[in-house]
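Some notes on the structure that comes next.
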Amino acid sequence: MKNTIESEFVSARRRFIRAHFPRLNDMQQEAVLATEGPLLLLAGAGSGKTTVLISRIANLLQFGCASDTDETPEHITQEDVDLLNRLAGQKNDPDYPTACALAAWKRVDPWRIIAITFTNKAAGEMKDRLEMQLGPAAADLWASTFHSACVRILRRDAERLGYPSSFTIYDTTDSQSVMKHILKDFNVDDKMFPHRMVLAEISRAKDAGITPEQYLQQAAKSGDIRKKKIGELYQEYWKRLYSAGAMDFDDLIYNTVRLLDEFDDVRDYWQHKFRYVLIDEYQDTNHLQYRLAALLADGWGNICVVGDDDQSIYKFRGATIENILSFEEQYKNARTIRLEQNYRSTGHVLNAANHVIANNEGRKGKTLWTKAELGDPLTLFVADNEHSEAQFVAARILEARGAGANFRDHAILYRMNAQSNTLEYMFKRNGIPYRIIGGTRFFDRAEVKDVLAYLCVVQYPEDDLRLLRILNNPPRGIGAKSVEAAQQIAQEIGVSLYNVLSRADEFPALQRAGTRMRQFVIQMDELREAAKTMPPDELYDLLLEKTGYLRMLQEKNTQEDTARAENVQELRTNIVNYMQENEAATLAGFLDEVALYTDIDSYDRSADCVTMMTMHAAKGLEFPTVFLVGCEEGIFPGTRVIGEPEEMEEERRLCYVALTRAKTRLYLTCARQRMLFGRTTANLRSRFVDEIPEEDLQVIDPRPAPRQGSGFGDHRQTPARPSAPRRPSFTPPSASKPASEPSFRLGDRVRHRAFGLGEITKVTPMGGDALLEVTFEGVGLKRLMLRAAGRFMTKAED
DNA sequence: CGCACCACAATTTTT
DNA sequence: TTGTGGTGCG
C-alpha cells in the first residue's frame with residue numbers, strides 16, 4: 001500500500017481502536033482487533049477468554065471491521081488522522097464519540113453475529129455481559145449453545161426434512177428408553193448389545209454423517225454380523241424417533257447439518273445472515289459440530305474459534321481434539337493468537353498445573369504465566385481413609401471460615417459422584433452448608449419427567465414414548481397387556497398409539513381397558529383444547545388437577561412423596577420464571593428450554609455454600625480455595641485409563657482443568673485406604689501428584705508409612721471387611737471416649753472455631769454420639785454432631 | 001395389577 | 001455401599 005494519508009489513517013485508526021480496550025493486554029487486544037477471516041484463539045485457563053470474546057463482539061458492533069482492513073472512507077484529511085491520534089483512549093473527551101464515528105467502518109448489525117458456547121449458562125453470561133456493556137442492541141445477537149441454535153434453525157425448516165416443525169427433543173434417558181424397547185421388540189439380548197453401547201455406536205455414526213441405510217450397506221460389505229444387527233437397530237431407532245416427531249441431541253446437530261448441506265436456499269439464508277461466527281470451547285466440539293460451524297461460516301469466512309487443547313476433557317462424548325489441532329490446516333489463511341497470561345491463580349498453582357500438563361504429548365504447547373505472587377504452595381494431605389480425608393477438608397473449611405472466609409469460597413472436586421457421600425456426611429455433622437452440582441438432575445427426577453411427559457403429550461400426542469410413560473400413571477387400570485395390544489394395533493395399521501387409544505372401542509382386542517383408554521384421551525383432548533388459549537402456568541395447574549397426578553403424590557403421604565410433590569410444585573416455578581423471561585411464552589417454548597437445560601445452569605454463586613462437584617463439572621469455574629480429593633491411582637487416574645496412553649492424556653488434561661480452578665489455595669488429598677462401592681482398596685498416590693515439582697507441594701502425612709518399598713503387594717485390592725476397625729472419631733458406642741473430648745451439656749455457652757459464640761439449646765443422644773443444636777450469635781441454629789464438631793468447640797467462660 | 005424383594009452394576013456427561 | 005431394574009407373588 002502507498003504510504004499516503006490513507007495508510008496513516010489506517011494505522012491511527014487501529015491505534016485508536018486498540019486504545020478503546022485499555023484493560024486488555026497486548027495479545028488480548030490483538031485477538032479483539034483481528035476481526036476478519038479465520039482466527040484460532042488458544043486461550044489458556046484463566047487468561048481472560050470471555051472478556052476477549054465480549055470485547056471482540058463490542059468491537060464488531062462499534063467499529064465494524066475497521067481495525068482489520070485497509071479500506072478507508074474517501075477524502076481522508078490530516079485533521080482526521082490527528083483527531084484519532086489525539087483522542088485515542090480519551091473516552092471522557094467531548095469529541096470522543098465523533099472520533100469513534102470516524103474510526104468505524106462497516107459496523108456490524110448485532111443479528112449478523114452468532115456466538116456459540118457449550119452451556120446455557122455460558123451463553124446467558126455472555127448475553128448479560130454484552131447487554132451490560134452495549135445496551136439493548138445485544139438482545140438481537142445470537143448467543144446460544146450449539147443445540148439451541150440448531151433448534152432455532154430447525155424450527156424454521158424442519159419440515160423440509162419431513163419432521164413436524166413442532167418436533168420434540170428426546171434427552172438421553174428418552175433415547176435409552178426407546179432403545180430398550182427396540183431391543184425387547186427385536187428379541188435382542190441386552191447382554192450382547194447393551195442399549196448404551198448401541199446408542200453410543202449410533203451417535204458415532206451420526207457424528208460421521210452416516211445414515212442407517214449407509215450403515216447397513218457398510219455392514220453388509222464387511223460381513224460383520226454384529227454391525228449388521230446394530231444397523232438394524234439404528235434403522236429402527238431412526239424410524240421410531242422420526243414417526244414420533246422427535247430428535248435426540250445428536251439429531252439436532254445432524255439434521256441442521258443435513259438441512260444446510262442439502263438445501264441451497266436454506267444454506268444461503270443462514271450463511272448470508274451470519275457474517276461473524278464465534279465458537280467457544282472449540283476443543284470440545286465433535287466432527288458434526290465442526291461441520292456445522294464450517295457451514296455457517298462459509299459465507300463470509302469470518303470464523304473465530306476459541307479453545308484450549310489442554311482442557312479437552314470430553315473425548316468420551318465424541319469431542320475431537322483434532323478440530324483444534326488442525327484448524328490451521330483447514331483454514332490456510334488462519335491466524336493464531338495465544339493467550340498465555342493467567343489472571344486467576346498464584347504462581348505455585350500455575351507452576352504445578354504447567355508441570356503436570358507438560359507430560360502430555362499431543363498438544364499445541366503453551367505455558368501459562370502470571371504476574372501474581374507465588375502464594376502458598378499446594379498442600380497434599382495423606383489420609384488414612386476416606387473419613388479422615390473428609391475430616392481434613394471439613395477442618396480446613398471451618399478454619400478458613402473462622403478466619404473470615406466464606407463457605408462459597410471453597411470447592412471440592414472429585415473424579416466421580418460416588419465420592420461425594422463421605423464428604424456430605426462429614427459436612428452435615430459439622431453444620432457446613434454445601435451444595436452438590438450434578439448427580440441426579442432436577443429434570444431427570446421421575447416425577448418431573450412424568451409431569452413433563454404430560455405436557456409433551458398435550459403439545460404433541462404422537463409422542464408415543466411420553467404417552468407410554470403417563471398412560472397408566474397415576475394408575476388408571478390400563479395395564480401392560482392392554483397397552484401392548486394397543487401398540488400392536490398401532491403398528492399394524494400404521495397410526496400413532498394415541499390414535500388407537502382415541503378409538504379403542506373399534507378394536508375387540510382392547511375391550512378390557514377400552515373405555516378407560518377413551519376416557520384418558522378425552523381428558524387429554526380437553527387439556528389440548530385448553531392449551532390453545534390458556535397460559536402455560538394455568539394449564540399446568542389444570543393438568544395436575546385433572547390427571548390427579550399431584551393428588552396421587554399427596555395421598556401417599558410418605559416423606560419421599562412429599563418431596564416429589566414439592567418437585568412438581570418446583571416445576572411450576574420454572575414455568576412462571578420462563579413466562580417472566582419470555583414475553584411470548586408458549587408451552588412449546590418452555591419444553592424446548594427444559595430439554596436443553598442442565599443443572600450447572602442453575603448454579604448460583606450467591607448462596608454461602610461449599611460447592612461440591614466432579615472435576616468435569618468444574619470446567620469454566622473458579623474458586624479461591626479448591627480441594628482435589630481422591631488423588632489416588634485407580635481413582636484419579638481411574639483404573640480404566642491405566643495402560644491406555646491416550647486415555648491417560650485425557651485424564652491428565654482433566655487434572656490440569658481441576659488444578660487451574662484454584663485462585664489461591666489448592667489442597668490435594670489422597671487416602672491410604674478407601675472404601676468405594678463396598679470394597680476397601682489400598683491405593684498409591686496419584687501419578688499426577690508426583691508430577692508436581694517438589695517446591696510447589698507441601699506434604700502433610702500425619703502417619704508416614706513405617707516401612708517402604710515392600711512392593712506392589714501392599715496396594716492390591718483387599719476384600720471388604722464389614723467390621724474393619726474405624727477411626728477413633730467413628731468408634732461404636734462401646735469404645736471408650738478419648739479423655740480429651742469435652743462434654744457439653746444443655747445450656748452450655750460454647751465457642752466454635754468457625755461459627756463463634758453460641759449456646760447449646762438441645763442435646764439428643766444418638767448411638768454413643770449426640771446431636772447438638774447450638775444457637776450461634778449472628779449465625780443462627782446449627783445442628784452439629786458432638787463427635788465431629790467437638791474438636792472445633794470449647795466451652796466459653798463467661 | 002401393584003407391590004415387594006433380590007440381583008446386579010457403578011467413571012466422567014456442557015446438550 | 002447405593003440405586004435401579006426385573007421377576008414373582010398376593
Side-chain angles (χ1 to χ4, degrees), chain A residues 116-124 144-151 169-177 180 184 190-191 194-196 200 203 247-253 280-281 283-286 288-289 311-319 386 413-422 425 437-441 443-444 446 472-483 512-513 556 592-601 603 613-621 630 634-641 647 650-651 653-655 657-658 674-680 720 722:
Chain A
I116 297 182
T117 61
F118 266 75
T119 60
N120 298 306
K121 184 168 175 272
S144 66
T145 62
F146 267 107
H147 296 265
S148 49
C150 286
V151 170
I169 302 164
Y170 278 5
D171 68 16
T172 319
T173 33
D174 294 330
S175 304
Q176 284 182 356
S177 169
K180 276 187 212 159
K184 213 169 170 188
D190 201 273
K191 286 262 156 41
H195 59 270
R196 288 179 64 136
S203 180
M247 298 192 199
D248 65 18
F249 288 141
D250 294 327
D251 290 336
L252 293 176
I253 317 271
D280 197 8
E281 306 283 13
Q283 76 281 354
D284 289 329
T285 50
N286 61 26
L288 220 43
Q289 288 162 335
Q311 290 191 68
S312 159
I313 53 174
Y314 284 104
K315 191 178 150 211
F316 67 93
R317 291 176 84 245
E386 73 275 15
L413 310 183
Y414 35 78
R415 183 64 243 265
M416 37 187 179
N417 290 118
Q419 287 172 262
S420 69
N421 278 336
T422 323
Y425 184 71
I437 310 274
T440 353
R441 295 195 284 254
F443 289 103
D444 280 345
N472 198 32
N473 180 12
R476 300 191 170 82
I478 306 176
K481 269 259 171 66
S482 316
V483 174
R512 283 246 324 247
K556 281 193 187 163
D592 270 359
E593 191 138 307
V594 164
L596 301 175
Y597 190 89
T598 54
D599 226 33
I600 194 108
D601 298 334
Y603 166 70
M613 62 190 140
T614 64
M615 301 178 200
H616 282 91
K619 190 158 133 213
L621 305 176
I635 291 180
F636 185 48
T639 353
R640 283 177 170 73
V641 309
E647 307 273 302
E650 170 127 336
E651 200 86 344
R653 289 194 290 270
L654 183 58
C655 183
V657 168
R674 170 184 305 272
M675 185 159 74
L676 198 62
F677 304 135
R679 278 280 144 105
T680 303

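Proteins get letters first, then strands, A, B, ... in listed order; numbering begins at 1 in each. Side-chain atoms are counted along with the backbone in the values below, which use heavy atoms only and exclude waters and symmetry mates.
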Practice prompt. Remember a base hit wins even if backbone is also touched, and classify A:Ala480 as base, sugar-phosphate or nothing at under 4.0 Å, heavy atoms.
Written response: sugar-phosphate
Fill in: A:Asn473 CG - B:dG2 C1' separation (whole Å)
13 Å
Worksheet item: For A:Tyr425 and C:dT2, what is the distance between atoms OH and C1' respectively, to the nearest whole Å?
Response: 16 Å
Discussion item. Within the 4.5 Å heavy-atom criterion, are A:Ile635 and A:Met416 side-chain neighbours or not?
Written reply: yes
Discussion item. Would the distance check show the side chain of A:His147 and the main-chain N or O of A:Leu252 forming a donor-acceptor pair, the cut-off being under 3.5 Å?
Written reply: no
Practice prompt. Could you tell me whether a side-chain N or O of A:Glu647 sits under 3.5 Å from a main-chain N or O of A:Arg640, the two making a donor and an acceptor?
Written response: no
Worksheet item: Is A:Asn472 reaching over with its side chain to a backbone N or O of A:Ile478, donor-acceptor style, under 3.5 angstrom?
Response: yes
Item to complete: Whole angstrom is fine here: how far is it from CG in A:Asp250 over to P in B:dT14?
Response: 14 Å
Fill in: Under the side chain to side chain contact (heavy atoms under 4.5 Å, CB included) test, residues paired with A:Thr422 that sit two or more places apart
A:Glu386, A:His387, A:Ala390
Practice prompt. For residues A:Gln419 and A:Phe636, determine if any side-chain heavy atom of one lies less than 4.5 Å from a side-chain heavy atom of the other.
Written response: no
Fill in: B:dT13 and C:dT4, which share atom name P, separated by this distance in whole Å
16 Å
Worksheet item: Which pair of non-hydrogen atoms, one from A:Glu650 and one from A:Tyr314, has the smallest distance, and what is that distance?
Response: OE2-N, 3.4 Å
Worksheet, complete the sentence: A correct 5'-to-3' footprint of nucleotides 7-13 of chain B, with B, S and - meaning base, sugar-phosphate only and no protein heavy atom under 4.0 Å, is ---BBBB
Practice prompt. Identify the heavy atoms of A:Ala513 and A:Ser482 that sit nearest to each other, and give their distance.
Written response: CB-OG, 3.6 Å
Item to complete: Looking at every strand, decide which applies to A:Ile478 at a 4.0 Å heavy-atom threshold: base, sugar-phosphate, or nothing.
Response: sugar-phosphate
Discussion item. Quick check: on DNA chain B, is the nucleotide nearest A:Asn472 upstream (toward 5') of the one nearest A:Ser148, or the reverse? Name the residue that is more 5'.
Written reply: A:Asn472
Practice prompt. Based on the glycosidic angle (syn within 90° of 0, else anti), state the conformation of B:dT12.
Written response: anti
Worksheet item: Please walk me through it: do A:Phe249 and A:Thr172 pass side chain to side chain contact (heavy atoms under 4.5 Å, CB included)?
Response: CA-CA 8 Å; A:Phe249 288 141; A:Thr172 319; 4.0 Å; yes
Do any N or O atoms of the protein come closer than 3.5 Å to N or O atoms of nucleotides 8-10 of chain C, and which pairs are they?
none

